[in-house]
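Hydrogens, waters and symmetry mates play no part in the numbers below; they use all other heavy atoms, side chains included.
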Amino acid sequence: MATLSGTGPSTADSPTPDDALHEAAALKNRETAPQHGSGGNGNGPVLAADGTPLKKSLQRALRAEKLRALALIAPLLIFILVTFIAPIADMLFRSVENQIVSETLPRTAQVIQEWNPDDSDLPPDEVLAAFTYDLVAAAERKQHSRLGTRLNYEQTGLSSLFRKTGRRVDDFGELYMDQFTDLDPAWEAPATWMSLMAAPGWQADYRAWEASADAAKEAGRAFDTPQPLFRVKAGMADVLPETADAYGEFARIVQVEDNDNPAAEEPWAPVYLALYRDLMSVGPGAIGKLDAESRAILDPAHDAVEGFETVPLFDLFTDVDKDWADPEAWSTIRTFMPAYTSGYFLNAVDLQMTADGVAAQPENQQIYMLLFKRTLIMSLVIMGSCVLLGYPIAYLLSNLPLRTSNLLLILVLLPFWTSLLVRTSAWKVLLQQQGVINDILVWAGLVDDANRLIMMNNQTGTIIAMTHILLPFMILPLYSVMKTIPPTYVRAAKSLGATNWTAFWRVYFPQSVPGIGAGCILVFILAIGYYITPELVGGTSGTFISNRIAYHISSSLNWGLAAALGTILLAVVLLLYWVYDRLVGIDNVSLG
């Protein structure tokens, strides 16, 4: 085995990760040196004890060391990913996600973008027909209410409009259903539609599935094989596209939602509407391309549909609710059809997306910018109050004897051992007009009984209560830093002729700045996201943006807007953090 002449051990019997880099560098130098150089015998690569090249052995040891380090931090890494990164990523996604509209109204999404609201106030029949088929399917799946709720965030009233229409949309097309049935009673029979629409292969598969289900039932065996999903007969979609699409949706919903046989169910009335529209637009000779059985059913109907009584689709909608005559309702559907939207962010800054572009919200609905400003200003005030109150307390604690300071420190920590609701409720008792503080002021003659101070359900109450709650988060970092400042510095300054104030301001205070920075960041970030205390003592003028986020998450269920507000709040905090780093320097933040 070759020996080493590098900076590491004299032999390569047991390479360790600690000297791996040194050995690798020495080995590299040696291998690149002339064979007749002073290092080694120049007869080939240096080998480890197991006969592998030393360089490869060292790299393997380094890789094993890195894997062990990764395994050690893996639990923490997974915990952070699951509890911190993933929720933030989900929040960012929800702030722009808008797939419910396009997924619930897929046919409408394909045709409504071709409608220009500037050309006509209301969408054409193609859009209305697609909307009818989509809405009846959504109503059968009970998705129309969720869709209405989503669009109601953009235009008030759409939620009730969708619910009301969802209950009536399965009647659309009854006029045509009656006329087809009058023409031939066979149109009312499910078997007629099966022979017209069902693919022969699907019918064979379905019969086989039924036979297997019956055999399993007779044998007492469990049978959980799902039904073969309905398939439309080949070529039918080319001749009767709307009918094939609408009936295919009907058949699949009957199978999946009702777990039933579509061959035993009469189609929805909108399927007859689709058949009428297809037969009115079918080209000459198109029906002749179908099989004989289909031609026998369709030819008489094709000859008769021109004499059918008709009703405009628009009238069907306005008969349900006159609000469908409002172009804004259709424009809202068209505007929010894309899968991703900036609408939540626009709403979060008191703007809205309209058919004409971005516009300001009505004045009586512009609240979020006010809440953002109020949250930032009040958080800064609370942070400043904590500095003013916490600095002398921390200074006193750090300069008292250890036994006394530990005893007093318990008083600082005591609020942590008391429920937040209890502390906030206590402030409600203290601050109200008939509370303890006002009673003392009246008793002392400082305030007239008829003019008691209003310190509750406003910004004053929020600032006082939150300053008390967040004060320990300022005192503890300050105390940790002040405890490390040697008192000899101040004594030395005084011995050189400095006054008490000069010694404090020129010597002591600069050394306590890292503690002030740590406390300010801690208090400000906690304050900006607080919502329990402002909700209880803030009233209408003392609430934060976090209260509005909580409202949208728990009450209005507008999670998209809540996510957008949270994203903006996160961006503001990161921006302020960046400004703080530029002005003060994050290196000056210390916890002791």
Side-chain angles (χ1 to χ4, degrees), residues 104-108 111-112 122-149 151 157-190 192-194 196-197 240-258 260 262 264-281 301 304-305 307-326 329-330 333:
T104 310
L105 305 175
R107 301 170 185 81
T108 310
V111 296
I112 199 170
L122 297 172
D125 277 357
E126 286 73 17
V127 176
L128 297 176
F131 186 70
T132 301
Y133 309 143
D134 284 334
L135 196 58
V136 69
E140 291 293 331
R141 294 190 177 101
K142 315 227 181 300
Q143 295 175 337
H144 64 296
S145 298
R146 289 181 56 227
L147 175 63
T149 301
L151 293 173
L158 286 184
S159 178
S160 61
L161 188 59
F162 271 81
R163 282 200 303 272
K164 185 186 296 184
T165 310
R167 291 193 294 267
R168 296 274 302 277
V169 70
D170 58 348
D171 295 337
F172 289 13
E174 277 192 343
L175 176 66
Y176 304 104
M177 181 177 69
D178 293 341
Q179 292 180 90
F180 277 112
T181 305
D182 292 341
L183 179 67
D184 185 349
W187 279 111
E188 197 173 14
T192 303
W193 286 95
M194 277 287 113
L196 183 65
M197 291 291 169
L240 304 175
E242 288 189 20
T243 310
D245 186 32
Y247 187 83
E249 180 100 57
F250 153 77
R252 295 186 190 101
I253 287 179
V254 168
Q255 288 185 294
V256 176
E257 303 296 330
D258 304 334
D260 210 340
E265 297 291 329
E266 186 179 349
W268 304 325
V271 176
Y272 292 90
L273 168 66
L275 178 61
Y276 169 78
R277 287 175 50 82
D278 280 336
L279 291 177
M280 287 296 293
S281 59
V305 288
F308 276 13
E309 180 185 356
T310 62
V311 56
L313 279 170
F314 178 72
D315 291 351
L316 295 176
F317 283 97
T318 52
D319 284 346
V320 175
D321 197 307
K322 297 296 183 187
D323 286 348
W324 284 117
D326 182 6
W330 296 101
I333 296 173

inquiry  = Is there a side-chain contact between V136 and F172 in this structure, where contact means two heavy atoms from C-beta onward sitting under 4.5 Å apart?
reply    = no

message = Could you walk me through whether L196 and W187 satisfy the side-chain contact (heavy atoms from CB on, under 4.5 Å) test, starting with their C-alpha distance in whole Å, then the side-chain angles of each, then the deciding distance to 0.1 Å, before giving a yes or no?
response = CA-CA 10 Å; L196 183 65; W187 279 111; 3.9 Å; yes

remark   = Residues A130 and V111: closest non-hydrogen pair is CB-CG2, 3.9 Å

query = Does atom CD of E265 have more than 12 heavy-atom neighbours from other groups under 6.0 Å away?
reply = yes

Under 3.5 Å: donor-acceptor pair, side chain of Q179, backbone of E309 = yes

task = Decide yes or no for F308 and L175: does some side-chain heavy atom of the first lie under 4.5 Å from some side-chain heavy atom of the second?
result = no

inquiry  = Given 3.5 Å as the limit, does a donor-acceptor pair link the side chain of T243 with the main chain of A274, or not?
reply    = yes

query = Roughly how far apart are R277 CZ and T132 OG1, rounded to 0.5 Å?
reply = 8.5 Å

inquiry  = Is the shortest side-chain heavy-atom distance between H144 and T104 below 4.5 Å?
reply    = no

task = Can you measure from CZ (F131) to OG1 (T165) and round to the nearest 0.5 angstrom?
result = 7.0 Å

ask   = Considering only heavy atoms from C-beta outward, does the side chain of M197 approach that of L240 to under 4.5 Å?
value = yes

request  = May I ask you to decide if R107's main-chain N or O and D134's side chain share a donor-acceptor pair within less than 3.5 Å?
outcome  = yes

ask   = Are the charged groups of E249 and R141 less than 4.0 angstrom apart, N to O?
value = yes

query = Would F314 and W330 satisfy ring pair (Phe, Tyr, Trp, His ring centres under 6.0 Å), going step by step from the backbone distance to the final call?
reply = CA-CA 12 Å; F314 178 72; W330 296 101; 8.0 Å; no

task = Please report the shortest heavy-atom distance between A301 and L183, naming the atom on each side.
result = CA-CD2, 3.6 Å

task = Rounded to the nearest 0.5 Å, what's the gap from NZ on K164 to CG on D323? Could you check?
result = 7.0 Å

ask   = Shortest non-hydrogen contact from P262 to D260?
value = CD-O, 3.5 Å

task = Go through the steps to decide whether L275 and F180 satisfy the test side-chain contact (heavy atoms from CB on, under 4.5 Å), and finish with yes or no.
result = CA-CA 10 Å; L275 178 61; F180 277 112; 3.7 Å; yes

message = I'd like to check the side chain to side chain donor-acceptor pair (under 3.5 Å) partners of Y272; sequence neighbours left out, ordered by chain and number.
response = W193

message = So, taking the atom named CG in D170 and the one named CH2 in W268, what distance separates them when rounded to the nearest 0.5 Å?
response = 9.5 Å

Pairwise distance CG(L128) to CG(L316) - rounded to 0.5 angstrom = 9.0 Å

task = To the nearest 0.5 Å, tell me how far Q255 CD sits from F250 CZ.
result = 10.0 Å

note = In terms of heavy-atom contacts, R163 and S159 come closest through NH1-OG, 2.8 Å

task = Please name the pair of heavy atoms, one in L105 and one in L135, separated by the smallest distance, quoted to 0.1 Å.
result = CD2-N, 4.5 Å

inquiry  = Run the side-chain contact (heavy atoms from CB on, under 4.5 Å) test on Y247 and M194 for me, step by step, so that the C-alpha distance in whole Å, both residues' side-chain angles and the decisive distance to 0.1 Å come before the verdict.
reply    = CA-CA 10 Å; Y247 187 83; M194 277 287 113; 3.0 Å; yes

key: Whether D278 side chain and E242 backbone form a donor-acceptor pair below 3.5 Å   = yes

query = Ring centres of F162 and W324 under 6.0 Å apart?
reply = yes

inquiry  = Test your reading of the model: is there a side-chain donor-acceptor pair from T318 to the backbone of A325, 3.5 Å cut-off?
reply    = no

inquiry  = Is it the case that over 12 heavy atoms from other parts of the model lie below 6.0 angstrom from the CZ atom of R252?
reply    = yes

key: Heavy-atom closest contact (Y133 atom, P270 atom, distance)   = CE2-O, 3.6 Å

request  = Walk me through it: do L273 and L313 pass the test side-chain contact (heavy atoms from CB on, under 4.5 Å)?
outcome  = CA-CA 10 Å; L273 168 66; L313 279 170; 3.6 Å; yes

